[in-house]
Amino acid sequence: MEQQTNTANNHNQPSPSSWPTKAWLLLSDVRAQSPLIQCITNFVSMDLMANTLLSAGASPAMLHSLEELHDFTPHCRALCVNVGTLTPSWLPSMKTAAQLCCQLGTPWVLDPVAASASGFRLKACMELVELKPAVIRGNGSEIIALSMAFTQPGKVSTVKGTDSIHESVDAVEAAKLLAKSSGAIVAVSGATDIVTDGNQVVGAHNGVTLMQKITATGCSVTALIAAFVAVDKLHALDATVSALAVFGVAGELGMRNAKGPASLRMHLIDALHGLDEAALQSHVNITSLS
Ligand SMILES: Nc1ncnc2c1ncn2[C@@H]1O[C@H](COP(=O)(O)OP(=O)(O)O)[C@@H](O)[C@H]1O
Ligand SMILES: Cc1ncsc1CCOP(=O)(O)O
Ligand SMILES: [Mg+2]
């Protein structure tokens, strides 16, 4: 039986001065509870995503076989679904796991990688959104493409591939529309990470530019969001903002020792593992944008 204490749940909507405390309490809860997080993700991201979850204190499991879901998924505290290397044979597993989570009240998080790169992928992402993710996290181009698919049927916003051709701030209105039409918290990563429930908009200003040059940092922060939502599922917006800020702070601290993307990847994981309250109090930079 996993420990269910949740110190962060005792806090109301954070004021700007209490965001670092909120982030610290949620990270502490992840470390104390070590929630089991199922990840159905792309081949590129499996390693970094699992190591991100482990270094934050969560317990990752990369299971995607349809045959295992009914036994395994009910034991998870959250699910992360990522369509990065989507094939028709994987989609039923993603949908079944998401449906199981909905039935069980388990939060699940969607990463719509390269959402409009193909008609197949966009349709799959839309079908997954219908299965009520607690959070959708993408880069600017992905959120604009997915939002447009729901709000302007027939129009397709192009994506280059998995990297964004938009700034996150250019996707604020699209994120709000997607949040309203889906009921999910929507997060747009970038220089400023933007999080919205459709009304309130919060910005997390942590991170370093070089994080864009490490593949699967976006995928990994989506999984970290799943871990934070697992320990505070009634406050998914706060959990999402906190996870993005914590990952960004780990990037900032890791950058002190990094010589380039490869060593940043290593030092970011080390920094995430070693994060303490003092580091979060001095580095977390979250503001209201609404
Ligand atoms: N210009 C930037 N400055 C600081 N952090 C950034 C910047 N761009 C991306 N990041 C961070 O890198 C991580 C991955 O984001 P992003 O590159 O937007 O996702 P994706 O890999 O899905 O395209 C996030 O934690 C985000 O905050
Ligand atoms: C390069 C690539 N191709 C398919 S999935 C993937 C990884 C994308 O990771 P991220 O969205 O975190 O950059
Ligand atoms: Mg991505």
Side-chain angles (χ1 to χ4, degrees), residues 23 39-53 55-56 62 64 80-87 90 94 109-118 120-121 124-125 135-146 159-172 174-175 186-195 202-228 240-255 258 261 264-265 267-269 271-272 275 283-287:
C39 305
I40 305 182
T41 191
N42 66 75
F43 298 111
V44 184
S45 70
M46 285 182 183
D47 181 301
L48 187 61
M49 184 181 288
N51 279 303
T52 297
L53 287 170
S55 54
M62 279 45 194
H64 57 260
C80 175
V81 173
N82 177 305
V83 300
T85 50
L86 187 65
T87 69
W90 277 46
M94 294 175 177
V109 177
L110 174 66
D111 191 325
V113 179
S116 65
S118 70
F120 165 65
R121 186 176 290 247
C125 286
V135 183
I136 304 168
R137 194 298 309 172
N139 62 39
S141 295
E142 291 160 349
I143 295 303
I144 289 169
L146 194 53
V159 295
K160 182 178 165 195
T162 65
D163 296 330
S164 189
I165 51 173
H166 296 88
E167 298 297 327
S168 54
V169 287
D170 297 334
V172 173
V186 174
V188 191
S189 57
T192 296
D193 298 318
I194 287 153
V195 184
V202 179
H205 310 275
N206 294 106
V208 293
T209 314
L210 202 62
M211 289 163 74
Q212 290 177 338
K213 296 295 179 192
I214 308 167
T215 193
T217 46
C219 306
S220 299
V221 79
T222 303
L224 190 63
I225 290 168
F228 274 52
T240 301
V241 175
S242 298
L244 285 157
V246 161
F247 195 69
V249 171
E252 290 171 21
L253 298 181
M255 196 64 213
L264 177 58
R265 185 183 194 277
H267 289 299
L268 187 157
I269 293 295
L272 183 55
L275 269 185
H283 284 80
V284 164
N285 183 2
I286 295 170
T287 61

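Remember, it's 1-based here, ligands and their atoms both numbered in the order they're listed. Computed from a predicted structure; not experimentally measured. Note: hydrogens, waters and symmetry copies are ignored here, and every other heavy atom, side chains too, is used.
- Applying the 4.0 Å criterion to heavy atoms of Gly207 picks out, from ligand 1, the atoms 4 (C), 5 (N).
- From the protein, the heavy atom lying nearest to atom 15 (O) of ligand 1 is Ser189 OG, 3.4 Å.
- For ligand 1 and Thr162, the ligand atoms under 4.0 Å from any heavy atom of the residue are 23 (O).
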Asn206 and Glu252: side-chain hydrogen bond (donor to acceptor under 3.5 Å, both in side chains), yes or no, with the steps? CA-CA 7 Å; Asn206 294 106; Glu252 290 171 21; 3.0 Å; yes
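- Nearest non-hydrogen protein atom to atom 23 (O) of ligand 1 is Asn139 ND2, 2.9 Å.
- Not close to ligand 2: Ser45, with no non-hydrogen atom less than 4.0 angstrom away.
- Heavy-atom proximity to Cys219, at under 4.0 Å, picks out these atoms of ligand 2: 8 (C), 9 (O), 10 (P), 11 (O), 12 (O).
- Of all the heavy atoms of Thr217, the ones lying under 4.0 Å from any atom of ligand 2 belong exclusively to the backbone.
- The protein heavy-atom contact nearest to atom 25 (O) of ligand 1 is Phe247 CD2, 3.4 Å.
- Between atom CD of residue Gln212 and atom CG of residue Asn139 there is a gap of 9.0 Å, rounded to the nearest 0.5 Å.
- The N/O atoms of Asp163, backbone and side chain alike, include none that comes under 3.5 Å of an N/O atom in ligand 1.
- Considering backbone and side-chain N/O atoms, Val113 never comes within less than 3.5 Å of an N/O atom of ligand 2.
- The contact set between ligand 1 and Asp193, taken as ligand atoms under 4.0 Å from a residue heavy atom, comprises 26 (C), 27 (O).
- Considering both main-chain and side-chain atoms, Gln212 comes within under 3.5 Å of ligand 1 through a nitrogen or oxygen pair.
- The part of Arg137 lying near ligand 1 is the side chain, judged by heavy-atom distances below 4.0 Å.
- Taking only nitrogen or oxygen atoms, main chain and side chain alike, Ile214 does not reach within less than 3.5 Å of ligand 2.
- Taking every heavy atom of Gly218 and a limit of under 4.0 angstrom, the matching atoms of ligand 1 come to 14 (C), 19 (O), 20 (P), 21 (O), 22 (O).
- Closest to atom 12 (O) of ligand 1 among all protein heavy atoms lies Met211 CB, 3.4 Å.
- The distance from ligand 1 to the heavy atoms of Ala191 drops below 4.0 Å at these ligand atoms: 1 (N), 2 (C), 3 (N), 7 (C), 8 (N).
- Looking only at heavy atoms of the protein, atom 10 (N) of ligand 1 is closest to Gly190 O, 3.6 Å.
- Ranking the protein heavy atoms by distance from atom 7 (C) of ligand 2 puts Thr215 OG1, 3.7 Å first.
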